[in-house]
Amino acid sequence: MHMTELRNQRQRIIADIIREHRLSSQEELAERLAALGHVVTQATISRDLEALGAVKLRRGGQLGYALPESGGASLPPGMSAVFRDWVRSIDTAGTLVVIKTPPGSAHLVAVVLDQSGWAEIVGTISGDDTIFVACLTFEDADRLKDRLGAASAGELQ
């Protein structure tokens, strides 16, 4: 099997493991991969996690990895859960939409926004608990705020 095919297969397995199990460390992930016949270094796991967009989040007092899902023009059903679970507030400031999340969660939401394909989004900047979403116009910012509010409520647009 070609190296790229092996990497893609390993990354699919990692994504499945993260979705099915609450993992708190790369060591736990390495053990699960090894049990499935994929013995890799910590550096390889780190690169794979980064390529997948995996982030480490605190949920219910426990750390674990989470993955953004890929999206098209509208968010698939799993993405409304990301917004519902991680978005605390949405406001506009001129042509910016400002999104607040729990500490350590902004990156996960920003990746989902970056992958959404929504025309209103020019780009995102995320910190620990805040995301700035740049829009071209005031109208785009207002429209995006409404779409994000609907996504947070589970009403996809």
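Counting from 1, the numbers follow the sequence of the chain as shown.
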Taking only residues two or more places apart in sequence, or in another chain, which ones meet [X] in a side-chain contact (heavy atoms from CB on, under 4.5 Å)?
X	value
T95	F138
E28	L23, S24, S25
N8	T4, Q11, R12
A35	none

With side chains defined as the heavy atoms from C-beta onward, is the minimum distance between [X] and [Y] less than 4.5 Å?
X	Y	result
T101	F83	no
D91	V97	no
L33	I45	yes
R22	Y65	no
V98	I131	no
L148	V87	no

For the OG1 atom of T137 and the CG atom of L144, what is their distance to the nearest 0.5 Å?
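One finds 10.5 Å between OG1 of T137 and CG of L144.
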
Spacing of D140 atom CG and R147 atom CZ [to the nearest 0.5 Å]:
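Taking CG in D140 and CZ in R147, the distance rounds to 10.5 Å.
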
Check [X] against [Y] and note the closest heavy-atom contact, atom names and distance.
X	Y	value
I121	T124	CG2-CG2, 4.3 Å
R88	P102	NH2-CG, 3.3 Å
A106	G127	CB-O, 3.2 Å
A141	G94	CB-O, 3.7 Å
S126	H107	OG-CA, 3.8 Å

Pair L29-I14, side-chain contact (heavy atoms from CB on, under 4.5 Å): steps then yes or no:
CA-CA 8 Å; L29 180 55; I14 289 171; 3.8 Å; yes

What pairs with [X] under side-chain hydrogen bond (donor to acceptor under 3.5 Å, both in side chains), at least two apart in sequence or on another chain?
X	result
T41	T44
E31	none
T92	none

Filter on salt bridge (Lys or Arg N to Asp or Glu O under 4.0 Å), then keep only pairs touching residues 106-117, sequence neighbours left out; what's left?
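Of all non-adjacent pairs touching residues 106-117, none passes salt bridge (Lys or Arg N to Asp or Glu O under 4.0 Å).
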
Do any pairs count as a salt bridge (Lys or Arg N to Asp or Glu O under 4.0 Å) and have a residue in residues 45-54, sequence neighbours left out, and if so which ones?
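Passing the test, one end in residues 45-54: R10-D48.
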
Pairing residues for D142 by the salt bridge (Lys or Arg N to Asp or Glu O under 4.0 Å) criterion, not counting sequence neighbours:
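Listed in chain order: nothing, the list is empty.
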
Give a yes or no answer on whether the side chain of D128 reaches the backbone of G104 with a donor-acceptor pair at less than 3.5 Å.
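Checking the backbone N and O of G104 against the side chain of D128, a donor-acceptor pair under 3.5 Å is found.
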
For L36, does the CG atom have more than 12 heavy-atom neighbours from other residues, nucleotides or ligands under 6.0 Å away?
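Buried by this count: over 12 neighbours within 6.0 Å.
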
May I ask you to list the residues sharing a hydrophobic cluster with V122, side-chain cutoff 4.5 Å, ordered by chain and number?
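The other cluster members (ILVMFWY side chains, heavy atoms under 4.5 Å, direct or chained) are L136.
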
Using the rule that Ile, Leu, Val, Met, Phe, Trp and Tyr join whenever any side-chain heavy atoms are under 4.5 Å apart, tell me whether I13 and L49 fall into a single cluster.
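Result: yes, single cluster for both.
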
Trace of the side-chain contact (heavy atoms from CB on, under 4.5 Å) decision for H38 with Q9:
CA-CA 10 Å; H38 295 272; Q9 179 186 35; 3.9 Å; yes

